[in-house]
Amino acid sequence: MRNGKQPYDTFSFLRNYGFLPNYAFPSDTTLLTMFNQDKSKYYDNWRSSVIAIREFAPHNQVYFLGNKYNINRAMVKSEGGELNIDNIYICENCNEILIDSASSNSTSLIKCPNCDAEIKLSSFKSSLRFPQMFSTSGPRITCDEENRQIKGYEITINYKHKKSKIVNYEIICDQNQIARISYEHNGNIYMVNKGSRIKSKTTNEIELHSFNFCSACGQWLRDNEATTHIEVCPKGGSERHLQKDFWLFIDGNHDVVVFDFPLIGDFDPTSYYTTLKEAIIQSIMLTYNLEESEISSFLNPVPGKNEQSIVIFETEEGGTGVLKSLLNTSLDRFDKFIENLFRILHVKSLEPYEETMDACITACYN
Ligand SMILES: [Zn+2]
Ligand SMILES: [Zn+2]
Ligand SMILES: [Zn+2]
């Protein structure tokens, strides 16, 4: 409790203490505290971390009750000025993520554990777990011009495979394996915000600017501010308080299913797998009566092939049972899922094969 002046917000309270179903895991939510201009009042704004990693990111602006709040500070634990920094490596070949922290040492690895590609030690990047953020309403103190140039953030989703925990399935047709599906309970999903995408004033190209922070005063600093901050830091911060050029991340344990289908026909792989991924998502939602926010997905490259892996995960941590039941062969859910998948793709019957002609044009592109 700070001063007890903020409006009592039951919803925030319940979410904070995990009474609301979507927020059952406190690690799953992130807090943005929003101060009015003279700091006499504040509001606590909780969001699911999956959304906060973009919306509560440094230098972003949040609109609330008609006011504009600039996200300018954070509360980060530090020991004598040093932040608890982890190092993250993302494999260029397969998108596998490696993390080097106090509890898991990855810099001793020579090869990517997922695809065997060589690891470049220089590509490990300083990264900080997404902290509690602060914002202040009112016009921004630094030049607004710079803000207008922000074209969003570069955010990636990465799956850290734990091979010993993955259960593999094959889809076999006329004795030929035509697809592979894998399932991992509580798989490690990371979201990484690599920085703001800013349009260069001189070249007009989009440049990626990762984050800078002063642990003495708790301020987020733009690249030009970081170089001169020591002279103006309100808390007299020194060089050891400055953390420059790092990423922000969140991680969670989610049930994950990966679909590996071959590329059939002469299609652009990204369009092909994006369409298939969306059809799979729609079919899972239909089969289990889910909302769009309950399930998420992305594509991973398949090294050495023109193919992509479709990664589907439950957004809630800890496993809701949906993906587990989908692959439970003693249930009929998978059959139902395939049936729905064909329906979504406008297939009328399989034997003899019949499609609803022009259905996609009339149903999906209007
Ligand atoms: Zn790899
Ligand atoms: Zn400072
Ligand atoms: Zn269609």
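When a ligand or atom number is given, it counts from 1 through the structure's own listing order.
- Heavy atoms of other residues, nucleotides or ligands lying less than 6.0 angstrom from NZ of Lys235 number 12 at most.
- Heavy-atom contacts from other residues, nucleotides or ligands closer than 6.0 Å to NZ of Lys305 number 12 or fewer.
- Coordination check, His229 versus the Zn ion (ligand 2): passed, since an N/O/S atom of the residue sits under 2.8 Å.
- A donor-acceptor contact closer than 3.5 angstrom links the side chains of Asp245 and Ser210.
- The angle that Cys94 SG and Cys115 SG make at the Zn ion (ligand 1), rounded to 10°, works out to 110°.
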Would you please test Asp260 and Ser309 for side-chain hydrogen bond (donor to acceptor under 3.5 Å, both in side chains) and show each step? CA-CA 5 Å; Asp260 280 304; Ser309 256; 2.4 Å; yes
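- Put simply, the angle at the Zn ion (ligand 2) from SG in Cys217 to SG in Cys214 is close to 110°, to the nearest 10°.
- Around the Zn ion (ligand 1), the angle linking Cys91 (SG) with Cys112 (SG) is 120°, rounded to 10 degrees.
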